[in-house]
Amino acid sequence: MKALNLHGIGDLRYEDVPMPQRKAGEVLLKIRAVGICGSDIPRVFEKGTYHFPTIVGHEFAGEIVEAENSNLIGRRAAVFPLLPCGKCEACRTEHYAQCSHYDYYGSRRDGAMAEYLAVKEKNLCLLPEGVSYEEAAMSEPAAVAIHAFRKSGVGAGDTLLIYGIGTIGLILAQWARTAGVKNIVLVGRTDDKVEFAKNLGFPLAVNARKDDLRKLVEELTSGQGASACIEGTGKSEPWKSCISCARPHGTVVSMGNPVGEMRLSQDDYWKILRKELHLAGTWNSSFDSRENDWSEAVMAMQEKRLELKSLITHTFSLDEYETAFSLMRERREMYCKVMFVM
Ligand SMILES: [Zn+2]
Ligand SMILES: [Zn+2]
């Protein structure tokens, strides 16, 4: 079969690889859509995977073509990409994202930028009627967004600031809207992203380089500040803005993977103390019996509470990978979700 195989940093090849062999407890999935995650860019071009070669791709959906349980054949599914060890304390309490010895499709082991992938049956998130493969391939960012939203603690009537207008930020905004959040402030750093967010129905999208964010939040909240701010960029300046825009006793959720040192001035640090802010981290998503961000995500897609098709700006076939990856890496034009469709 054909696959995008990473042989070394910056050495991604579209090539023939052996068909994956399904083991006990696994199904064989014919991949139908796989997104390029923002994290795939540094993975391919800067940091590499845990060993080489590795087939990349962890945001995907497909059709089950082989399974022990014959009822599964022909079913469509998204896949939770994290494979927990099943032995550690985190696994015993079903906090799989905190597993100390996990495996991962598309980074620690082969992923889905390929025609087929054998995946654990336990990791399947079966799709309800009416959810397309393209939408389902966004279950991972959707589950991450839902997970972060839980941490924010906001609800109807509140003001939520989301720093970062990317796929996850926009899904968060859609999710917040269905939860009745009154003011959804989306913060970007380029006009085209701000325009994109406005066109999706978020009039409070602003450009941090031009607009006075703090003033806007104060106007919206009679000087109180935002109930919660979610930092999605992993940079110090946005983190500072989140801390200064949060209201007293508000919440600041750190979600973005840090791109370097995260620094606060003494003044900003004081704000955490004086406002008694709640600082929360969010990591990955829940996929367990108590809380399952994935089933929530696909249900919301079916009920059109999440409208994810509008976030897909570019689709490619797998052999067009050079164009697809360079589009994101070089930011040649505005993009939101870039996806391979097979
Ligand atoms: Zn991802
Ligand atoms: Zn574990």
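Order of listing sets the numbers, starting from 1, for every ligand and every atom in it.
Judged by the 6.0 Å and 45° rule, Lys122 forms no cation-pi pair with Phe287.
Salt-bridge annotation for Glu129 and Arg76: absent, with no side-chain N of the basic residue lying under 4.0 Å from a carboxylate O of the acidic one. Arg150 and Glu291 are joined by a salt bridge, as a carboxylate oxygen and a charged side-chain nitrogen come within less than 4.0 angstrom of each other. Residues Lys2 and Asp16 are paired through a salt bridge, judged by an N-O separation under 4.0 Å between the basic side chain and the carboxylate.
Minimum-distance N/O/S atom of His58 relative to the Zn ion (ligand 1): NE2.
Only protein atoms were considered; those of element N, O or S under 2.8 Å from the Zn ion (ligand 2) number 4.
Summarising the local packing, CD of Glu333 is surrounded by more than 12 heavy atoms from other residues, nucleotides or ligands at distances under 6.0 Å.
Vertex the Zn ion (ligand 1), arms ending at OE1 of Glu140 and OE2 of Glu59: the angle is 80° after rounding to 10 degrees.
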**OP:** Check the pair Lys47, Ser107 against side-chain contact (heavy atoms from CB on, under 4.5 Å), reporting the backbone distance first and the verdict last.
**Re:** CA-CA 11 Å; Lys47 292 191 216 144; Ser107 69; over 6 Å; no
Subject >> Evaluation steps, side-chain contact (heavy atoms from CB on, under 4.5 Å), between Ile168 and Met255 >> reply: CA-CA 10 Å; Ile168 295 172; Met255 179 181 74; 3.6 Å; yes
